[in-house]
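Written below as structure tokens is the structure these notes are about.
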Amino acid sequence: MSSWTHRTFAPALLAWFARHGRHDLPWQRDPTPYRVWISEVMLQQTQVAVVIPYFERFVTHFPDLATLAAAPLDEVLHVWSGLGYYARARHLHQAAQQACHAHGGHLPADRAQLQALPGIGRSTAAAILSLAHGQRQAILDGNCKRVLARCFAVPGWPGTAPVQRQLWDLAERLTPLAAVADYNQAMMDLGATCCTRAQPGCDRCPLAAGCQAYRQGRVADYPAARPRRRLPVRQTRLLLIADPSGAVLLQRRPPAGIWGGLYVPPVIAADADPAAWCREQLGLPIRRVEMLPLRRHSFTHFQLDIEPVALWLTAAAASIGDSDWCWADPRHPGRLGLPTPIKALLIEFHGISSQVSANRSIGDCTTTANRAGGSAHRS
DNA sequence: AAGCCGGGGCA
DNA sequence: TGCCCAGGCTT
């Protein structure tokens, strides 16, 4: 076979799919538009194996569009928490409300109308329409991009507009007239299980016979990698403020930016004095301060060095008037959205905190007031 | 430690 | 239109 055409590509793929594709994913068992939508948005950022438990949990909490639309955003973020990209949970919630309003409680079955909803782009709209409605709509997710870039030796990084256009063009032309749901699922499955980024299984690939990259012996060169840049490093301090009962102060972050809409302990400048900040900004009297080991978090565009600072109050604090603030049990923060690293940090902090109170009850009441702002006792 | 991922937002 | 952004996971 010299190369795949729109006549030969789909049959070869579908034959493979019948034997080796995935047919029992949770959202395939009852592929309603709502369930396909939720799964597609989750799969935009996370691999299937990780998504499955989150999907089950999400559709149990919010079984349909109306339930999701009526739920408080905090609850949606809470159920989403751990998946990352929290703007997507907000978009899900917004889109559910819009669809309930404008489309009579259903997701529209039209691509332009779907794409008008927040968080639904061309590929996600096409996935919903093909997988749930059987419409002939081409998809182009990361798996499809890799399969097509290799099969047709498409040069360049798929993030650029020209490469994107070529790949969409191929996707449109190769999408068959019938069995589109199976075909689209097959493209994603092949990319996920056979035409993988590293160590692809070309020896068992149904498309290898006409794959240009395979013929050239350059499968690893497609698709071209994103041009890389150096990540800037930012520094912050994160204040773990505990009252005598062990409750920790959390603040809801603004909707845009890092950890948007999630609850996180107060974040202050890396050179700010934690105890002074607590007194001046919050009016909280501090009994003891302890600097905890630095930890580094990587995001796509920068790295964040977080220096956690534990602060213990002399007395129980009154609740802070602003509704964006709350006191929470670090082990069971309740129905709040928390970023995964913060969740872990709170658990750790609870361990330290209970040791401190144990020591205190033995009689060690000395307030080891480390000077905050100075260098931490860290080797 | 670096790559990955689909869509939103902004100049 | 062309950038920049986000976050947990795999490799």
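Here the structure is a predicted model, which means the values were calculated and not measured. Chain A is the first sequence line, chain B the second, and so forth, proteins listed ahead of strands; every chain is numbered from 1. Hydrogens, waters and symmetry mates are skipped; everything else that's a heavy atom, side chains included, is used.
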What nucleic acid atoms does [X] come within less than 4.0 Å of, heavy atoms only: base, sugar-phosphate, or nothing?
{"X": "A:Arg146", "answer": "sugar-phosphate"}
{"X": "A:Thr46", "answer": "nothing"}
{"X": "A:Leu43", "answer": "nothing"}
{"X": "A:Leu262", "answer": "nothing"}
{"X": "A:Ala161", "answer": "sugar-phosphate"}
{"X": "A:Ile258", "answer": "sugar-phosphate"}
{"X": "A:Lys145", "answer": "sugar-phosphate"}
{"X": "A:His297", "answer": "nothing"}

Distance in angstrom units between [X] [atom1] and [N] [atom2], rounded:
{"X": "A:Leu83", "N": "C:dG8", "atom1": "CG", "atom2": "C1'", "result": "9 Å"}
{"X": "A:Arg296", "N": "B:dA1", "atom1": "CZ", "atom2": "P", "result": "7 Å"}
{"X": "A:Trp80", "N": "C:dG8", "atom1": "CH2", "atom2": "P", "result": "12 Å"}
{"X": "A:Phe299", "N": "C:dC4", "atom1": "CZ", "atom2": "P", "result": "19 Å"}
{"X": "A:Gln199", "N": "C:dT10", "atom1": "CD", "atom2": "C1'", "result": "11 Å"}
{"X": "A:Tyr86", "N": "C:dG8", "atom1": "OH", "atom2": "P", "result": "4 Å"}
{"X": "A:Leu117", "N": "B:dG7", "atom1": "CG", "atom2": "P", "result": "13 Å"}
{"X": "A:Leu304", "N": "C:dG8", "atom1": "CG", "atom2": "C1'", "result": "15 Å"}

Go through [options] for me and flag the one nearest to the [X] side chain.
{"X": "A:Arg197", "options": "C:dT10, B:dC4, C:dA6", "result": "B:dC4"}
{"X": "A:Tyr85", "options": "C:dG8, C:dA6, B:dG7", "result": "C:dA6"}
{"X": "A:Ser123", "options": "B:dG7, C:dG8, C:dT10", "result": "B:dG7"}
{"X": "A:Phe302", "options": "C:dC9, B:dG8, C:dA6", "result": "C:dA6"}

Examine distances only and state if a side-chain atom of [X] and a backbone atom of [Y] form a donor-acceptor pair shorter than 3.5 Å.
{"X": "A:Arg335", "Y": "A:Asp74", "result": "no"}
{"X": "A:Arg237", "Y": "A:Asp271", "result": "no"}
{"X": "A:Ser81", "Y": "A:Leu338", "result": "yes"}

(message) Give me the distance, rounded to whole Å, that separates B:dA11 from C:dA6 when you measure between the P atoms they each carry.
(response) 16 Å

(request) Return the 5'-most residue of the pair A:Pro162, A:Gly84 with respect to DNA chain C, ranking by each residue's nearest nucleotide. (result) A:Pro162

(request) Please tell me which of A:Ala198 and A:Thr340 maps to the more 5' nucleotide of DNA chain C, matching each residue to the nucleotide holding its nearest heavy atom. (result) A:Thr340

Whether [X] contacts [N] is assessed here as follows: a side-chain N or O lying under 4.0 Å from the phosphate OP1 or OP2. Is that the case?
{"X": "A:Arg226", "N": "B:dA2", "answer": "no"}
{"X": "A:Tyr54", "N": "C:dG8", "answer": "no"}
{"X": "A:Thr124", "N": "B:dG7", "answer": "yes"}

(request) Give, for atom CD1 of A:Ile38 and atom CH2 of A:Trp27, the distance between the pair rounded to the nearest 0.5 Å. (result) 12.0 Å

(request) Please find out if less than 6.0 Å separates the ring center of A:Phe58 from that of A:Phe55. (result) no

(request) Hey, can you tell me if A:Phe299 and A:Trp259 have their rings parallel, tilted or perpendicular (30° and 60° cut-offs)? (result) perpendicular

(message) Out of the candidates A:Arg122, A:Lys145, A:Arg173, only one should pair with A:Trp168 under the side chain to side chain contact (heavy atoms under 4.5 Å, CB included) rule; please name it.
(response) A:Arg122

(message) Using heavy-atom distances to pick each residue's nearest nucleotide on DNA chain B, tell me which of A:Gln303 and A:Pro118 is more 5'.
(response) A:Gln303

